[in-house]
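Below: one structure, written as structure tokens.
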Amino acid sequence: MRGRQPSRGWGFGAQSPGLAVGSGVLSRRAIAGRSLDAPTRTLFVVLFLLFAIPYAGRPPLYVVDILLAGLWIWLFAFSPETKKYLRPISGGLKWMVSIIAYLLFVSTVHEMLSLRIYEASIYMAGRYFLAMSLVLLVPVLIRKIGDLYIVSVIVVSASVLTSLFAALFSLPVFIFVREFYASPSIFFPGRSALLNDTHVFTDEYVDRASALVGGANIVACWLTISVSFVFVWLRRARSSLGKIAALSLIGLICFASLLTYSRIAFVGLGFVALFSVFFGGREARILIPLLFFGAFVFITSFASGSSKFNFAYTFSKFQVSFSDPGSAVTDQARIISYTYTFPFLVDNPEYFFVGQGVGGDSAVRYAGKSKDDLVLNFNDGRVHSVFAKGTYNLGFIGTMALFMVYFRSLFDLFRSLRVALSLRWRERDVFAALLISASALLPFMIVGHVFISQPMGFAMIFLFAGLAEAVSIMTKQRVQTLLDFKSAAVYRTRL
């Protein structure tokens with residue numbers, strides 16, 4: 001094995017440099033010295049933007065969309081040898097993605113014909129198709145174990161930036177952060193139209209944390225699915241100082257997530273804590289529950305009575321939800337998004353197969369039409385979940401296919417992690433981080449709709465699907481290499 005030469009090209013068969021097969025040892029020098037080609041570097045920039053500043057650009061052109069489109073052009077125009085490696089993704093995932101792509105196209109045509117909105121519908125559909133393309137790009141460009149560690153560094157760096165911005169935005173003393181957020185800029189163009197309440201500019205008002213990724217609920221979601229990547233740093237830290245630094249980052253991200261004063265942030269972090277007990281490794285199994293317990297003690301004993309925080313707002317909403325379920329307006333919207341959808345399908349059976357399209361309010365505003373032209377107001381509470389919003393946008397079948405893509409990703413990540421644990425690979429920490437992060441999406445999919453209502457949210461589903469596919473390919477290759485190595489060793493002993 002010492003004489004093995006690294007595979008060349010873009011092939012899936014390329015082995016990770018510095019990876020001792022069977023020993024589970026990953027060379028730090030190999031990660032640090034990883035030679036990245038231009039397409040892979042571009043993909044990493046896209047990932048950073050998705051987790052930090054997805055709206056960067058000048059509408060209708062966003063940097064993320066430009067980079068994804070340029071990446072495809074680069075691969076086919078300047079790297080023609082890559083075409084042979086863009087083989088169809090495996091098994092049922094291929095069919096699920098194909099169904100979603102087909103129904104997205106048909107729903108867009110339906111929107112164009114029914115509302116007579118052409119440019120905006122084509123534009124929004126193009127953004128969604130670019131978001132979907134991550135499931136094809138990621139397995140090709142992220143093809144070594146070391147790439148996954150680079151992904152963890154990128155996600156953590158982006159989440160730290162988002163956490164700092166969100167925390168400063170929420171605390172009333174940092175008015176300049178709110179003024180920057182409300183002012184149109186290349187980082188978040190047009191945001192001032194969404195912030196028209198003057199109280200966000202006073203030094204006495206405690207606002208819900210927002211950041212360049214969006215409003216409070218989106219910030220809570222992005223930070224919750226990012227925190228598990230710090231577990232990799234926590235496990236790899238060899239010194240006490242390194243572990244303290246990793247725990248500090250986890251505390252910062254969790255604290256900023258809780259400053260959104262969103263109930264789903266508490267639920268999402270609870271998911272992370274629960275899954276970290278099962279899959280997070282020895283350090284996470286002990287330290288993460290303790291950290292969450294410390295946060296709970298801090299909130300209940302100090303922060304809840306401070307004028308600088310507004311956790312009483314969250315606790316009161318929890319109290320209403322438990323004492324009188326469905327009485328709050330936001331609770332009603334989430335419940336109705338499930339109870340109303342099936343009667344809607346009975347009255348409009350065509351929505352089993354085709355949706356209204358992904359343009360929605362954006363397309364209506366762009367075309368100067370009235371929301372009454374839509375079969376259902378897209379800002380109505382009845383679409384306050386991925387299930388309902390997806391049914392109206394893509395149709396019931398397309399929405400089920402989207403959920404199947406998500407659960408298939410969880411299954412692939414769990415299967416790869418199980419292999420890594422059974423063979424005691426050291427890389428199991430990054431596999432576990434991906435599984436915990438993907439699992440944390442579930443509560444936000446149940447009660448929110450960002451994963452279908454916005455291209456960047458749509459991209460997250462297919463990003464994790466692509467990462468799960470990449471991990472599955474790496475695992476199969478490594479197991480096959482182990483089997484070949486053992487077969488060769490047995491053959492040599494017989495000689």
Side-chain angles (χ1 to χ4, degrees), residues 38-75 100-101 104-105 108 111 117-138 141 151 154-155 157-159 161-162 165-166 180-195 210-215 217-219 221-223 225-226 357-367 378 389 393 448-466:
T40 305
R41 290 196 298 268
T42 303
L43 178 64
F44 287 152
V45 173
V46 169
L47 296 186
F48 179 83
L49 292 176
L50 281 177
F51 281 92
I53 44 176
Y55 295 104
R58 293 293 184 187
L61 298 178
Y62 295 93
V63 177
V64 170
D65 299 332
I66 295 173
L67 290 178
L68 283 174
L71 190 54
W72 281 106
I73 295 173
W74 175 277
L75 291 179
I100 297 172
L104 175 58
F105 171 77
T108 301
E111 182 178 55
I117 301 174
Y118 302 105
E119 296 88 350
S121 297
I122 294 174
Y123 164 73
M124 290 301 297
R127 295 190 65 197
Y128 275 79
F129 276 116
L130 286 174
M132 285 186 64
S133 69
L134 283 171
V135 75
L136 299 175
L137 289 171
V138 170
L141 300 180
V151 169
I154 291 172
V155 173
S157 301
S159 62
L161 176 64
T162 300
F165 193 101
F180 172 78
Y181 182 75
S183 302
S185 67
I186 193 173
F187 302 107
F188 208 150
R191 188 60 183 173
S192 60
L194 303 178
L195 287 177
S210 297
L212 299 178
V213 297
N217 288 334
I218 297 178
V219 170
C221 177
W222 260 231
L223 294 181
I225 64 180
S226 302
V358 294
D361 286 343
S362 299
V364 169
R365 287 196 302 267
Y366 184 88
F378 277 67
K389 186 74 168 177
N393 283 14
H449 54 80
V450 66
F451 297 110
I452 186 68
S453 61
Q454 298 187 30
M456 68 163 186
F458 203 60
M460 283 293 176
I461 299 293
F462 292 95
L463 169 62
F464 278 100

Taking only residues at least two apart or on different chains, which pairs with a member in residues 450-460 satisfy side-chain hydrogen bond (donor to acceptor under 3.5 Å, both in side chains)? Tyr55-Gln454, His449-Ser453
[X] and [Y]: which non-hydrogen atoms are nearest, and at how many Å?
{"X": "Ile452", "Y": "Tyr128", "result": "O-OH, 2.8 Å"}
{"X": "Ala52", "Y": "Leu212", "result": "O-CB, 3.6 Å"}
{"X": "Phe451", "Y": "Cys221", "result": "CZ-SG, 3.4 Å"}
{"X": "Ala211", "Y": "Val219", "result": "N-CG2, 3.5 Å"}
{"X": "Val213", "Y": "Ile218", "result": "O-CG2, 3.5 Å"}
{"X": "Ala38", "Y": "Trp74", "result": "CB-CZ2, 3.9 Å"}

[atom1] of [X] to [atom2] of [Y]: how many Å apart, nearest 0.5 Å?
{"X": "Thr108", "Y": "Phe129", "atom1": "OG1", "atom2": "CZ", "result": "6.0 Å"}
{"X": "Leu161", "Y": "Phe51", "atom1": "CG", "atom2": "CZ", "result": "13.5 Å"}
{"X": "Glu111", "Y": "Asn393", "atom1": "CD", "atom2": "CG", "result": "8.5 Å"}
{"X": "Leu61", "Y": "Ile66", "atom1": "CG", "atom2": "CD1", "result": "5.0 Å"}
{"X": "Ile225", "Y": "Phe464", "atom1": "CD1", "atom2": "CZ", "result": "4.5 Å"}
{"X": "Leu104", "Y": "Met132", "atom1": "CG", "atom2": "CE", "result": "6.5 Å"}

Give a yes or no on this: more than 12 heavy atoms of other residues, nucleotides or ligands lie within 6.0 Å of atom CZ of Phe105. no
Does a side-chain heavy-atom distance below 4.5 Å link [X] with [Y]?
{"X": "Tyr62", "Y": "Met456", "answer": "no"}
{"X": "Leu134", "Y": "Ile461", "answer": "no"}
{"X": "Val45", "Y": "Leu67", "answer": "yes"}
{"X": "Ile100", "Y": "Phe458", "answer": "yes"}
{"X": "Val155", "Y": "Leu47", "answer": "no"}
{"X": "Val46", "Y": "Leu71", "answer": "no"}

Within the distance-only criterion (no hydrogens, no angle test), does the side chain of Trp222 pair as donor or acceptor with the backbone N or O of Leu50 below 3.5 angstrom? yes
Would you say Thr162's side chain and Ser159's backbone share a donor-acceptor pair under 3.5 angstrom? no
Take Trp72 and Leu136 through the test side chain to side chain contact (heavy atoms under 4.5 Å, CB included) and record every step on the way to the result. CA-CA 10 Å; Trp72 281 106; Leu136 299 175; 4.0 Å; yes
Could you walk me through whether Leu49 and Val63 satisfy the side chain to side chain contact (heavy atoms under 4.5 Å, CB included) test, starting with their C-alpha distance in whole Å, then the side-chain angles of each, then the deciding distance to 0.1 Å, before giving a yes or no? CA-CA 8 Å; Leu49 292 176; Val63 177; 3.5 Å; yes
Output all residues satisfying side chain to side chain donor-acceptor pair (under 3.5 Å) with Thr42, sequence neighbours left out; order by chain, then residue number. none
